J.: 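After the structure tokens below, expect a handful of questions from me.
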Amino acid sequence: MKKQSFANSSPTNFTLQRFKRKKGAVIGLTVLILLILSALFSDILTPYEFDKINPINALRPPSLEHPMGTDAFGRDQLTRIMHGGRVSLQVGMISVLIGGTFGILMGAIAGFFGGWIDEIVSRFIDIMLAFPSILLALAVVSVLGPDLHNLMIAVGISSIPAFARLVRSAVLSIKENDYVIAAKSLGLTRVRVVVVHIIPNIFASILVFATLEVATAILAGASLNFLGMGAKPPTPEWGLLLAESRDFFRRAWWLATFPGIAIMVTVISINLLGDGLRDTFDPWLKEK
């Protein structure tokens, strides 16, 4: 039986084969799926309620009954961390969706139309880039008010410039290609040319960048929540769990350790996945 070569396989199979060869990406995807499933089914996986106070069990160290210990109110820390995954992952994904939507739109318009439109959009992006992303997010959430939904909007706004610059440079590099010029000569509207012929051809770059940006958004969200600018107790968000552990660090090391590990593992798994996607979709990367 002849072994099927990449040349005879479909583009989808070819891409999957390349991805499977990236062990780090496969590990990252597996860990990320497990984290998502544990967050979604935390009510089934643990016998405790994340917000039920039990003072008798306050500040219990890790044990068979409570694998990650309990907090100052006797609440099971493992249950709160698993529930907190819902909030933290939601912050990362929704923030990137907000930033990606507006950033892709601005970058595509600036790169395709050029001229004074490009100049205005580029200067606006430069102004946003003059502020560190976390400082920009902090300023936005301060104006909107400390709230979880406002935090997602703030982190999303802070990621707009990065998406806009990526898409603008990609559009500039391909808008003079033959297939784009042919589409224009057929009388297609500029909007249709951008949506049908340009965006699909830079989708891989956008996907890779968005994946990596989710990790950045989770870190930014946790940082703002640590400062009290987002979720409010008893919501078990990872950054908020770290903030609540400050007064008990010497007495209850597990309160800060396990939420920190949850953030670290999530960010590393997303970065591994993003790196694998980048290598998979890079047409110039040589097979090893």
Side-chain angles (χ1 to χ4, degrees), residues 84 87-173 199 202 205-232 235 237-243 246 259-260 263-264 266-268 270-271 273-275 278:
V87 182
S88 295
L89 291 170
Q90 186 180 19
V91 168
M93 294 178 182
I94 293 180
S95 299
V96 169
L97 181 62
I98 294 172
T101 299
F102 289 98
I104 291 170
L105 180 62
M106 292 172 62
I109 291 174
F112 187 77
F113 289 93
W116 63 270
I117 295 178
D118 182 23
E119 192 67 21
I120 292 175
V121 174
S122 297
R123 296 295 76 77
F124 179 72
I125 294 173
D126 288 341
I127 292 173
M128 296 183 71
L129 287 172
F131 301 91
S133 58
I134 187 65
L135 181 60
L136 179 60
L138 182 61
V140 173
V141 78
S142 298
V143 172
L144 297 178
D147 177 74
L148 185 59
H149 295 93
N150 292 339
L151 182 146
M152 295 180 192
I153 295 173
V155 176
I157 291 175
S158 68
S159 66
I160 288 176
F163 277 100
R165 291 187 67 181
L166 171 72
V167 173
R168 177 182 176 274
S169 62
V171 171
L172 286 173
S173 67
I199 296 298
I202 62 175
S205 298
I206 295 174
L207 176 63
V208 172
F209 184 77
T211 302
L212 295 171
E213 198 66 16
V214 169
T216 303
I218 289 175
L219 282 175
S223 300
L224 293 175
N225 278 300
F226 182 84
L227 297 174
M229 304 299 289
K232 303 299 180 185
T235 303
E237 196 277 335
W238 290 339
L240 186 57
L241 291 179
L242 286 174
R246 286 177 293 184
I263 295 173
M264 180 187 69
T266 302
V267 170
I268 290 176
I270 293 174
N271 284 333
L273 175 60
D275 289 342
R278 180 194 59 203

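As the structure is a computational prediction, the values presented were derived from the model and not from experiment.
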J.: Between atom CE of Met229 and atom CG of Leu240, what is the distance when rounded to the nearest 0.5 Å?
T.: 13.0 Å
J.: Can you measure from CG (Leu207) to CG (Leu212) and round to the nearest 0.5 angstrom?
T.: 9.5 Å
J.: Output all residues satisfying side chain to side chain donor-acceptor pair (under 3.5 Å) with Gln90, sequence neighbours left out; order by chain, then residue number.
T.: none
J.: Nearest 0.5 Å, what's the CG-CG distance between Leu151 and Leu138?
T.: 10.0 Å
J.: Tell me every residue that passes side chain to side chain contact (heavy atoms under 4.5 Å, CB included) with Met128, counting only those two or more places apart in sequence or in another chain.
T.: Phe124, Leu136, Ile157, Ile160, Pro161
J.: Looking at every heavy atom in both Ser158 and Val155, which two are closest together, and how far apart are they?
T.: OG-O, 2.6 Å
J.: Which atom pairs, donor and acceptor, lie under 3.5 Å between side-chain atoms of residues 94-115 and protein residues at least two apart or in another chain?
T.:
| from | atom 1 | to | atom 2 | distance (Å) |
| --- | --- | --- | --- | --- |
| Ser95 | OG | Val91 | O | 2.6 |
| Ser95 | OG | Met152 | O | 3.2 |
| Thr101 | OG1 | Leu97 | O | 2.7 |

J.: Do you know the tightest heavy-atom contact between Leu166 and Ile206?
T.: CD2-CA, 4.3 Å
J.: Output all residues satisfying side chain to side chain contact (heavy atoms under 4.5 Å, CB included) with Pro259, sequence neighbours left out; order by chain, then residue number.
T.: Gln77, Ile81, Leu241, Leu242
J.: Taking only distance into account, with no hydrogens and no angle test, what donor-acceptor pairs under 3.5 Å do side-chain atoms of residues 214-224 form with protein atoms, sequence neighbours excluded?
T.:
| from | atom 1 | to | atom 2 | distance (Å) |
| --- | --- | --- | --- | --- |
| Ser223 | OG | Leu219 | O | 2.8 |

J.: Do any pairs count as a salt bridge (Lys or Arg N to Asp or Glu O under 4.0 Å) and have a residue in residues 123-143, sequence neighbours left out, and if so which ones?
T.: Glu119-Arg123, Arg123-Asp126
J.: If you round to the nearest 0.5 Å, how far is CG of Asn225 from OG of Ser88?
T.: 7.0 Å
J.: Return the set of residues passing ring-ring contact (aromatic ring centres under 6.0 Å, His included) with Phe226 (not counting sequence neighbours), or none when no residue passes.
T.: none
J.: According to salt bridge (Lys or Arg N to Asp or Glu O under 4.0 Å), does anything in residues 153-170 pair up with another residue at least two apart or in another chain? List the pairs.
T.: Asp118-Arg168
J.: For Arg246, give me all partners under salt bridge (charged side-chain N to carboxylate O under 4.0 Å, His left out), at least two apart in sequence or on another chain.
T.: none
J.: Minimum heavy-atom separation for Ser173 and Ala170, please, with both atom names.
T.: OG-O, 2.7 Å
J.: What pairs of residues pass the ring pair (Phe, Tyr, Trp, His ring centres under 6.0 Å) test when at least one of them lies in residues 130-164, not counting sequence neighbours?
T.: Phe163-Phe209
J.: With sequence neighbours left out, write down each residue that passes side chain to side chain contact (heavy atoms under 4.5 Å, CB included) with Asn150, or none if nothing qualifies.
T.: Val141, Leu144, Asp147, Ile153
